[in-house]
Structures are given as C-alpha cells and as structure tokens.
Amino acid sequence: MLPDFEISCEKFSQCGIELSREAYEKFDIYAKFLVEYNKKVNLTAITEPTEILCKHFIDSACLLKYVDIKPESTLIDVGTGAGFPSIPLKILRPDIKLTLLDSLNKRIDFLKQLCDKLDIHADFIHGRAEDFSKMPEYREQFDYSCARAVANLSTLSELCIPFVKVGGSFISMKGPSEDVSRGTNAIELLGGKIEDITDYSLFDEQRRIITVKKISQTPIKYPRNSAQIKKKEL
Ligand code: SAM
C-alpha cells in the first residue's frame, strides 16, 4: 500500500526524520486500514499512498522534529479524527502515553480497531473537548495537548489548554495563514503564554507549529459551553 521502505525512508529523511523498518510496517498497516475503512466511513479525503505518507504521516511526525516531547509524557489529541497527529507520534515514540478524543463515535470506533491492529495502547474519549476538560479526571492532567486542523487558534485554545497541567504545553499544528494574534487573548485568559512559533516547509507547502506554555491554572469558568464558544471567540 505505502511506497516501499526505501522510498518512504527517503521521504521521511527529507524532513529530517528517521524511519525504522518496524515503524514503516506499522504505517503500512495504518494506511491500508485507513483506506479500507474510509470506503464505509468518511475519515479522510486523502487516499493516494504517497499523499497518505506525506500529508498525513510525515506531516504529523514533524511535531516530533520541532517540539521536544519529554519521555513517558502524557498527551491528549483533541479532535483526532483518523488519528492525526497522535497515532504517527505514538508509532515513532511508543513511550508517549496517549489519549485520543473526538466528538464523532464512528472515528473513535475506527481508532480502537486501528490501535488493536497496531498493538498500540491508548485511552479513548468519545465526546466534546469542552465537556471533558471540565471533569476532574481530565482537567489539567496532561503534559501536552495537541491538535491539527480542528479550529482557529482562539477556539482551539479554549478546547485544548484546560487539559494541560501547569508547566505543560499545548501544541497547535497549522497552515501558514493562521493569524496568531487572533488567539493571543484566549491564550492569556486560559493560563497560557506563546512559547514558540515555528514556520517550516513540508514538500513545498508552508506549515506552522505554535507551542503554548501553560503558566497558570485555567480559571474555572473556562471552557465555556459549546454554544457560547460558537457564538463568540474569547
Ligand atoms: N486532527 C485530524 C486531522 O488532522 O486529520 C482531524 C481533523 S478534522 C478536520 C476535525 C475533527 O475534530 C473531527 O474529527 C471532529 O469530529 C473533531 N471535533 C471538532 N470539534 C470538536 C470538539 N469540540 N470536541 C471534540 N472533537 C471535535
């Protein structure tokens, strides 16, 4: 399904990431299952093998190149969809303790079956981020929260920062057009501070990773409920 091992290694190495044979085999199983499952449940518009490799797997893996994820840390992927970015991270860094959250149960069902096939341990949450981050068992419990392609930076901050412990980080994977200034007010209100903005190119497309450090607890009134979040950004 995926381009062969040598070609896939070359593509990963063009982005400065090493690919082992073992990780390649997991990515290959992932690609096959994604395309198969996608015939009955809408998971992705990207189904061509080289595109899956570059636009899903390597794109997700770039987070590890630009952010130093501490060993054995806990990470929640908010609005993970078909597992991006966090399943590629877990394939490359099995030490990460992963929680996958999405509001669509059909995607969580896919992820449970995928993790079985890949022999990956993860926790799964079916529900809205703004509901679960109010619960004591999830609130400020994670070293990292991350998200790719879920919402603008202001909304995403409200969905993701409440999950992070003070001292941890929220990592947002974005396209180049993201207006960071649109998120700065929300980030501050939620107890965060922009630590780093990295712009890079991925196979000629521009990408941006925004890292927000959690510097103080999120006030109890956040996140607001989903109707309020939709109505007005912080
Ligand atoms: N992160 C994946 C990726 O990069 O391919 C999926 C992106 S998809 C455009 C957005 C996903 O976020 C969908 O699977 C949707 O169900 C989920 N989502 C949107 N708002 C959410 C919320 N408030 N709580 C949980 N999941 C949410």
Side-chain angles (χ1 to χ4, degrees), residues 27 30-31 33-35 37-38 40-48 51-64 66-67 75-91 96 98-115 122-135 138-139 142 144-164 170-178 183 186 190 202 205-210 218 222-234:
F27 280 122
Y30 191 173
F33 190 54
L34 179 69
V35 168
Y37 211 90
N38 202 47
K40 49 180 180 147
V41 171
N42 177 28
L43 296 167
T44 178
I46 295 170
T47 53
E48 194 280 317
E51 291 216 324
I52 292 177
L53 178 72
C54 296
K55 296 190 174 175
H56 279 326
F57 297 162
I58 299 177
D59 186 41
S60 298
C62 278
L63 188 150
L64 293 176
Y66 295 108
V67 185
L75 179 146
I76 182 166
D77 186 2
V78 174
T80 183
F84 304 116
S86 62
I87 299 279
L89 304 184
K90 178 77 179 167
I91 289 173
I96 293 171
L98 183 60
T99 299
L100 298 154
L101 181 148
D102 203 280
S103 54
L104 279 186
N105 204 27
K106 59 185 183 172
R107 295 191 172 145
I108 294 293
D109 279 345
F110 162 77
L111 291 167
K112 286 179 179 166
Q113 292 177 51
L114 174 69
C115 287
D123 292 324
F124 304 91
I125 304 176
H126 165 226
R128 301 197 68 84
E130 56 274 38
D131 299 332
F132 277 81
S133 68
K134 288 198 180 76
M135 300 177 186
Y138 298 110
R139 191 175 183 85
F142 295 88
Y144 302 94
S145 64
C146 69
R148 186 188 82 156
V150 176
N152 65 63
L153 188 60
S154 173
T155 302
L156 203 51
S157 296
E158 193 164 2
L159 300 182
C160 293
I161 292 176
F163 284 113
V164 180
F170 155 51
I171 304 150
S172 169
M173 302 189 84
K174 293 286 188 188
S177 57
E178 179 69 18
L190 293 155
L202 178 81
E205 284 182 27
Q206 286 307 114
R207 293 279 189 275
R208 170 169 283 179
I209 291 180
I210 301 154
T218 301
Y222 301 123
R224 299 163 298 157
N225 65 41
S226 51
Q228 290 170 316
I229 292 175
K230 276 198 194 105
K231 199 168 162 196
K232 195 173 186 298
E233 284 169 24
L234 288 176

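In listed order, ligands and their atoms are each counted from 1. Predicted model only: the values in this text are computed from it and were never measured.
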With rounding to the nearest 0.5 angstrom, report the [atom1] to [atom2] distance, [X] to [Y].
X: I46; Y: I52; atom1: CD1; atom2: CD1; answer: 8.0 Å
X: E130; Y: L159; atom1: CD; atom2: CG; answer: 5.5 Å
X: L111; Y: H126; atom1: CG; atom2: NE2; answer: 12.0 Å
X: T99; Y: F142; atom1: OG1; atom2: CZ; answer: 4.0 Å

- Message: Going by ring pair (Phe, Tyr, Trp, His ring centres under 6.0 Å), name the residues that satisfy it together with F57, two or more places apart in sequence or in a different chain.
- Response: F27, Y30
- Criterion ring-ring contact (aromatic ring centres under 6.0 Å, His included) on F33 and F110, from CA distance to verdict: CA-CA 9 Å; F33 190 54; F110 162 77; 5.3 Å; yes
Could you go through ligand 1 and note, for every N or O atom, any protein N or O atom closer than 3.5 angstrom, writing the atom names and distance to 0.1 Å, or 'none'?
{"unit_1": "ligand 1", "atom_1": "1 (N)", "unit_2": "G79", "atom_2": "O", "d": "2.8"}
{"unit_1": "ligand 1", "atom_1": "1 (N)", "unit_2": "F84", "atom_2": "O", "d": "2.8"}
{"unit_1": "ligand 1", "atom_1": "1 (N)", "unit_2": "R148", "atom_2": "O", "d": "2.8"}
{"unit_1": "ligand 1", "atom_1": "4 (O)", "unit_2": "R148", "atom_2": "O", "d": "3.1"}
{"unit_1": "ligand 1", "atom_1": "4 (O)", "unit_2": "R148", "atom_2": "NE", "d": "2.6"}
{"unit_1": "ligand 1", "atom_1": "4 (O)", "unit_2": "R148", "atom_2": "NH2", "d": "3.3"}
{"unit_1": "ligand 1", "atom_1": "5 (O)", "unit_2": "R148", "atom_2": "NH2", "d": "3.1"}
{"unit_1": "ligand 1", "atom_1": "14 (O)", "unit_2": "D102", "atom_2": "OD1", "d": "3.2"}
{"unit_1": "ligand 1", "atom_1": "14 (O)", "unit_2": "D102", "atom_2": "OD2", "d": "2.7"}
{"unit_1": "ligand 1", "atom_1": "14 (O)", "unit_2": "R107", "atom_2": "NH1", "d": "2.8"}
{"unit_1": "ligand 1", "atom_1": "16 (O)", "unit_2": "D102", "atom_2": "OD1", "d": "2.7"}
{"unit_1": "ligand 1", "atom_1": "16 (O)", "unit_2": "S103", "atom_2": "OG", "d": "3.3"}
{"unit_1": "ligand 1", "atom_1": "23 (N)", "unit_2": "R128", "atom_2": "NH2", "d": "3.2"}
{"unit_1": "ligand 1", "atom_1": "23 (N)", "unit_2": "E130", "atom_2": "OE1", "d": "2.9"}
{"unit_1": "ligand 1", "atom_1": "24 (N)", "unit_2": "A129", "atom_2": "N", "d": "2.9"}
{"unit_1": "ligand 1", "atom_1": "26 (N)", "unit_2": "S103", "atom_2": "N", "d": "3.2"}
{"unit_1": "ligand 1", "atom_1": "26 (N)", "unit_2": "S103", "atom_2": "OG", "d": "3.4"}

